[in-house]
Amino acid sequence: MSELVLREDRDGAAILTLNRPDKVNALSNAVFEALEEHLKMIARQSSKIGLVILRGAGGNFSSGYDLAEIEQTVRAHAKPHYESEVIEFLANIPQPSIALIEGQCCTGALELALACDLIVAGESARFSEVYSRWGLTPIWLPRRVGSARAREIMFTGRLYDGRRAEQINLANYCFPDADLESELARLSADILANSWYSNQVCKRVLIETDALPLHEAHGLDIFKNEGLAPDAEERLRAFLSRGKVAP
């Protein structure tokens, strides 16, 4: 499997690292192909992998699309929607996902991060959306921060550090860089401690009910409810054996 994206499995989490540090992890077609290969394998391993973490090598998440390659693609009109398809696959992968952002996270890299369920930023993070500078168009940003804030980010092309990203809900959390690894480990442990089956069902429900009116979403929940997780009885027994009474 390509070294452009590295995979490490740790305690039930699959950690994918964009590995092109000499190019600030710029996103090329080859990077997306490697990422897609990993994601498709992970999607088939839902009983072995309970969480996906996406990060970049060398102190940066990614500077975004490799502009030299984009120029070639535009001229050739080759696979114009391929990268978007990979990003959508990431968004719909069964397991919860976390984007860990250090340093640059620009344009296409921001869309990649936005496709993850949670975004965890270091104070060094630098988010920007500069598609308009290159005559390109974004998709994902308004779904995360809302239309008004998305307009500001897209129209100005300004940089947002990790703290500001947390304030405007672009990032779920921002931590000092020195604490980033330990805080990521704590967050990962909290997610992995829950029923993986339940986490995956919850994610699927969130995707299926997104933008539905309340009564339709409620109906979907009633008639497509998948019931108890396979490990529900074991978890309840373990909880009650500790002498605690459920609220």
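Computed from a prediction, not measured in an experiment: that's the story for all the values here.
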Between [X] and [Y], which heavy-atom pair has the shortest distance, and what is it?
| X | Y | result |
| --- | --- | --- |
| Met41 | Gln45 | O-CG, 3.2 Å |
| Val31 | Leu4 | N-CD1, 4.0 Å |
| Leu16 | Leu35 | CD1-CD1, 3.9 Å |
| Arg126 | Gly162 | NH1-N, 4.4 Å |
| Ala34 | Val5 | CB-CG2, 3.8 Å |
| Pro21 | Ala57 | CB-O, 4.2 Å |

Once salt bridge (charged side-chain N to carboxylate O under 4.0 Å, His left out) is applied, what residue pairs with a partner in residues 11-20 remain, sequence neighbours excluded?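 Listed by first then second residue: Arg20-Asp66.
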After noting the C-alpha distance and the side-chain angles of Cys116 and Leu90, does the key distance pass the side chain to side chain contact (heavy atoms under 4.5 Å, CB included) rule? CA-CA 7 Å; Cys116 293; Leu90 170 60; 3.9 Å; yes
Any non-hydrogen side-chain atom of [X] less than 4.5 Å from a side-chain atom of [Y]?
| X | Y | value |
| --- | --- | --- |
| Ile207 | Asn92 | yes |
| Leu141 | Met154 | yes |
| Leu18 | Leu27 | yes |
| Phe61 | Leu54 | yes |
| Phe32 | Tyr65 | yes |
| Val86 | Leu112 | no |

Give me each pair satisfying ring-ring contact (aromatic ring centres under 6.0 Å, His included) with a member in residues 168-189, each pair once, sequence neighbours excluded.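 For residues 168-189: Tyr173-Phe175.
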Not counting sequence neighbours, list each pair that qualifies as a ring-ring contact (aromatic ring centres under 6.0 Å, His included) and has a residue in residues 10-31.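 Checked against ring-ring contact (aromatic ring centres under 6.0 Å, His included) - neighbours excluded - no pair reaches residues 10-31.
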For [X], check salt bridge (Lys or Arg N to Asp or Glu O under 4.0 Å) against everything at least two apart and list the hits.
| X | value |
| --- | --- |
| Lys23 | none |
| Asp179 | none |
| Arg149 | Glu152 |
| Arg10 | Glu8 |

The test is side chain to side chain contact (heavy atoms under 4.5 Å, CB included); show your working for Asp161 and Phe127 and say whether it passes. CA-CA 6 Å; Asp161 63 21; Phe127 296 89; over 6 Å; no
Any sub-3.5 Å donor-acceptor pair from [X]'s side-chain atoms to [Y]'s backbone N or O?
| X | Y | answer |
| --- | --- | --- |
| Asn169 | Val145 | no |
| Arg163 | Cys174 | yes |
| Ser62 | Gly64 | yes |
| Thr156 | Arg158 | yes |

For residues 185-193, which side-chain donor-acceptor pairs fall under 3.5 Å, sequence neighbours excluded?
from: Arg186; atom 1: NH1; to: Glu183; atom 2: OE1; distance (Å): 3.4
from: Ser188; atom 1: OG; to: Leu184; atom 2: O; distance (Å): 2.8

Between [atom1] of [X] and [atom2] of [Y], what distance do you get to the nearest 0.5 Å?
| X | Y | atom1 | atom2 | result |
| --- | --- | --- | --- | --- |
| Asn25 | Cys106 | CG | SG | 13.0 Å |
| Ser28 | Glu83 | OG | CD | 9.0 Å |
| Leu180 | Ser182 | CG | OG | 8.0 Å |
| Leu110 | Arg144 | CG | CZ | 9.0 Å |
| Glu129 | Cys105 | CD | SG | 9.5 Å |

The criterion is side-chain hydrogen bond (donor to acceptor under 3.5 Å, both in side chains); which residues satisfy it with Ser124, sequence neighbours excluded?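 Only Asp177 meet the side-chain hydrogen bond (donor to acceptor under 3.5 Å, both in side chains) criterion with Ser124.
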Test side chain to side chain contact (heavy atoms under 4.5 Å, CB included) applied to Ala91 - qualifying residues, sequence neighbours left out: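 By the side chain to side chain contact (heavy atoms under 4.5 Å, CB included) rule, Ala91 matches Ala115, Trp140.
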If the condition is side chain to side chain contact (heavy atoms under 4.5 Å, CB included), which residues does Arg151 pass it with, not counting sequence neighbours?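 By the side chain to side chain contact (heavy atoms under 4.5 Å, CB included) rule, Arg151 matches Ser147, Phe155.
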For Tyr82 and Glu36, what are the C-alpha separation, side-chain angles and deciding distance, and is it a side-chain hydrogen bond (donor to acceptor under 3.5 Å, both in side chains)? CA-CA 10 Å; Tyr82 173 66; Glu36 180 184 34; 2.7 Å; yes
Show every donor-acceptor pair shorter than 3.5 Å between a side-chain atom in residues 93-104 and any protein atom, with sequence neighbours excluded, or say none if there are none.
from: Gln95; atom 1: NE2; to: Ile42; atom 2: O; distance (Å): 2.9
from: Gln95; atom 1: NE2; to: Ile49; atom 2: O; distance (Å): 3.2
from: Ser97; atom 1: OG; to: Asp117; atom 2: N; distance (Å): 3.0
from: Ser97; atom 1: OG; to: Asp117; atom 2: OD2; distance (Å): 3.2
from: Glu102; atom 1: OE2; to: Arg55; atom 2: NH2; distance (Å): 3.2

